[in-house]
2 protein chains.
Amino acid sequence: MQLRQLKTFEAVVRHRTVTDAAIALDLAPSSVSQQIRTLEGTLGVVLFTRGPRGMELTPAGRRLRGWARSLLDQAEQATRDVRGERQLLRLGALETLAGSYVPQVLARFAERRPDIDVEIHSERARDGLLADVIEGRLEAALLLDSGDDVGGLGFPAPAEPLTFIDLDPVPLALVSAPAHPLAARTALTPDDLKHERLLVNVPECSFWMAGNKILGPGPKRIKVGGVPVMRAWAEHGLGISLLPRFAVADSFRSGTLVQLGLPLPDLSLRLVWREGQESLPGMRDILYAAARP
Amino acid sequence: MQLRQLKTFEAVVRHRTVTDAAIALDLAPSSVSQQIRTLEGTLGVVLFTRGPRGMELTPAGRRLRGWARSLLDQAEQATRDVRGERQLLRLGALETLAGSYVPQVLARFAERRPDIDVEIHSERARDGLLADVIEGRLEAALLLDSGDDVGGLGFPAPAEPLTFIDLDPVPLALVSAPAHPLAARTALTPDDLKHERLLVNVPECSFWMAGNKILGPGPKRIKVGGVPVMRAWAEHGLGISLLPRFAVADSFRSGTLVQLGLPLPDLSLRLVWREGQESLPGMRDILYAAARP
DNA sequence: CCGAGCGTTCGGAAATTCCGAACGGGACGT
DNA sequence: ACGTCCCGTTCGGAATTTCCGAACGCTCGG
């Protein structure tokens, strides 16, 4: 077993064909094929089934996959440590979070763990983010969630075991224009709102999911776009919207939006990582450095 | 970086000279030298200072050492897992424990973790045992100890951080022949015993150390040999001895020994491993499988 | 039936790894 | 001070490994 072979194995897993893996590795397909065959010979197991559409992992191949990731990660961390460079924590975050929440998390890492380099990877889709954590391309990821389990907000969680800590509460606000008929009411219930127009983003959006949990299916969904767009439409009285409170703080101050009187639970800014697969020594302690004091 | 180079690096660390490492690896010294040079080139650091007496690790080399062990261990465990073989736990124990305590520990592993192969390594000296744990040749070791820290019984603990669980209490008995003048006394104190002859083994022996803690320097030490020899001499009225209670249970039943009335704390059968260096996934959980229900 | 896309085989070139011989340096004993 | 021993290194060459490109066989879709 050689690290070079594991790297090739991983490329095949990722790209699904010898041909594409070869391109990615800047090798000839025959070299890739040969390395995989040699690795299979060394281990005495078949790692892939071969088909006209490419390579599919066998059960043994699936078992190797986690090890390969881990060994390659450790080799990289070893290189960094031996060179006197800092350890690298690859942290994924959705683009929607990258601007708002990531800086304070980075600040905490910088303050409490100056020995660690944190590399932020922005991603557009939560499922891709979680896949990267599961497959070892990221050490951890930041996302919005609620409840006691990953996916409590409503999105599908991967089958593989994930561990998490909740770094910060993320308070929400259900907002409307000041002239809204319900603006002066207190002690609203979801039932009061079932005939409202709820300005929303796509179904994968955390606030769409939060809206589902808090308001139920009652209000009519009006898809308008991201947080800034939802806020703008709400200010124009085109509907109500469920948004993170910090995103509408200025609108409250300027009087262009008001918060409706519906009690709201907080979401959590959640740091998630793969259980039992920690490429960094003391990774749990490192991740805990991001928690609120 | 290649695993083959790390294996060579480890051999040089262990054997201290290129020449002896070459013998151990069945390579020519020039091949060993060349691999080390190539590794240094790849990493961009010097790993050894060369001298007429052999190779000495630099700080960068010391940092690599732990990683090398870990990577090689993981590669081996990966091979086993991928082949569908069980994971291997290398467990060290002093020869003096191997016969008495190890079987029950093995039985617990077999019952609770049939997925793990436990390989027992007997060793004569505790410091060698602990060195093997520190240097990664063993996943864990069994020894007798007391108190809240490794080494609480009195032997020197390594500088590196060790973690442990206490698997079982090991009750002790201070024994004498039935005709001993103090045999009928109750509520003895160490002071009552300071003029006694205490039958002992070597200073590295756990019971010697326990005797020091419990009885102090008062009794005269008579070095006689291992547990069976100490028991035999005590039966012949040649002195008192501090022994694990199970080792003298038969002598109690047959009336050839009695237990003196001095209250005794238990020792602990302690499972020790290197903190932060766990080559097996879920190693802590595996080790906890050896604990008493 | 044919073309595309896939992985594999195979012979050969290129690169890597190992070896043995020879060398230089340091330490030790006489 | 010198000779010997042991050490690691250098170097040329042999052996082995790795990579490549060409050719092939297989499956699938049009």
Side-chain angles (χ1 to χ4, degrees), chain A residues 1-62 64-65 68 71-72 75 79 82, chain B residues 1-62 64-65 68 71-72 75 79 82:
Chain A
M1 182 188 288
Q2 300 187 41
L3 293 175
R4 175 177 61 89
Q5 291 166 334
L6 295 180
K7 188 176 169 187
T8 300
F9 168 82
E10 270 220 329
V12 174
V13 170
R14 183 164 192 181
H15 294 95
R16 297 181 189 284
T17 75
V18 165
T19 311
D20 286 345
I23 292 169
L25 294 166
D26 200 28
L27 290 173
S30 52
S31 302
V32 171
S33 178
Q34 184 185 58
Q35 285 192 38
I36 298 301
R37 287 288 187 190
T38 303
L39 182 57
E40 286 177 326
T42 299
L43 291 171
V45 295
V46 176
L47 298 170
F48 295 97
T49 53
R50 276 80 168 166
R53 297 196 188 287
M55 311 277 273
E56 191 175 334
L57 281 170
T58 62
R62 276 187 232 109
L64 181 59
R65 185 180 198 175
L71 280 158
L72 292 168
T79 300
V82 166
Chain B
M1 180 189 289
Q2 300 187 42
L3 294 175
R4 175 177 61 89
Q5 290 167 335
L6 295 179
K7 186 177 170 186
T8 299
F9 168 81
E10 270 222 328
V12 174
V13 170
R14 184 165 192 183
H15 293 94
R16 298 181 189 281
T17 73
V18 165
T19 311
D20 285 344
I23 293 168
L25 294 166
D26 200 26
L27 290 173
S30 52
S31 301
V32 172
S33 178
Q34 185 186 55
Q35 285 191 37
I36 298 300
R37 288 291 187 187
T38 304
L39 182 58
E40 285 176 328
T42 299
L43 293 172
V45 296
V46 176
L47 298 170
F48 295 98
T49 54
R50 276 78 170 170
R53 297 195 187 289
M55 311 277 272
E56 191 176 335
L57 281 170
T58 61
R62 276 186 233 111
L64 181 60
R65 185 180 198 174
L71 279 158
L72 292 169
T79 300
V82 167

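Being a predicted model, the structure only gives us computed values, none of them experimental. Chain letters run A, B, ... following the sequence lines, proteins first and then strands; every chain starts at 1.
At a non-hydrogen distance threshold of 4.0 Å, nothing from residues 7-21 of chain A comes into contact with DNA chain D. Residues from residues 39-57 of chain B that place a heavy atom under 4.0 Å from any atom of DNA chain C, listed by number: B/Pro52, B/Arg53.
Between the CD atom of B/Gln35 and the P atom of C/dC18 there is a distance of 5 Å, given to the nearest Å. Between the CZ atom of B/Arg37 and the P atom of C/dT17 there is a distance of 16 Å, given to the nearest Å.
Qualifying side chain to side chain donor-acceptor pair (under 3.5 Å) partners for A/Gln34, counting only residues two or more places apart in sequence or in other chains: none. Partners of B/Glu10 according to the side chain to side chain donor-acceptor pair (under 3.5 Å) rule, which considers only residues two or more places apart in sequence or in another chain, are B/Arg69. Qualifying side chain to side chain donor-acceptor pair (under 3.5 Å) partners for A/Arg37, counting only residues two or more places apart in sequence or in other chains: none.
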Before you tell me yes or no, could you show the steps for B/Met55 and B/Arg16 under side chain to side chain contact (heavy atoms under 4.5 Å, CB included), namely the whole-Å CA-CA distance, both residues' side-chain angles and the distance that decides it to 0.1 Å?
CA-CA 6 Å; B/Met55 311 277 272; B/Arg16 298 181 189 281; over 6 Å; no

Begin with the C-alpha distance, continue with both residues' side-chain angles, and end with the deciding distance and a verdict on side chain to side chain contact (heavy atoms under 4.5 Å, CB included) for A/Leu39 and A/Leu64.
CA-CA 11 Å; A/Leu39 182 57; A/Leu64 181 59; 4.1 Å; yes

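Atom CD of residue B/Gln5 and atom OG1 of residue B/Thr42 lie 5.5 Å apart, to the nearest 0.5 angstrom. Atoms CE and CG, on A/Met1 and A/Leu71 in that order, are 6.5 Å from each other to the nearest 0.5 Å. With values rounded to the nearest 0.5 angstrom, B/Leu27 atom CG is found 12.0 Å from B/Ser33 atom OG. Taken from CG in B/Leu72 to NZ in B/Lys7, the straight-line distance is 8.5 Å, to the nearest 0.5 Å.
Counting heavy atoms from C-beta outward, A/Arg50 and A/Ile36 have side chains that approach closer than 4.5 Å.
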Can you give me the N/O atom pairs linking the protein to nucleotides 20-23 of chain D at distances under 3.5 Å, or say none if there are none?
unit_1 : atom_1 : unit_2  : atom_2 : d
D/dC20 : OP2    : A/Ala28 : N      : 2.5
D/dC20 : OP2    : A/Ser31 : OG     : 2.7
D/dG21 : O6     : A/Ser30 : OG     : 3.0

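Distances shorter than 4.0 Å separate some side-chain N or O of B/Arg4 from OP1 or OP2 on C/dC18. Between C/dT17 and B/Gln5, no contact under 4.0 Å exists linking OP1 or OP2 to a side-chain N or O.
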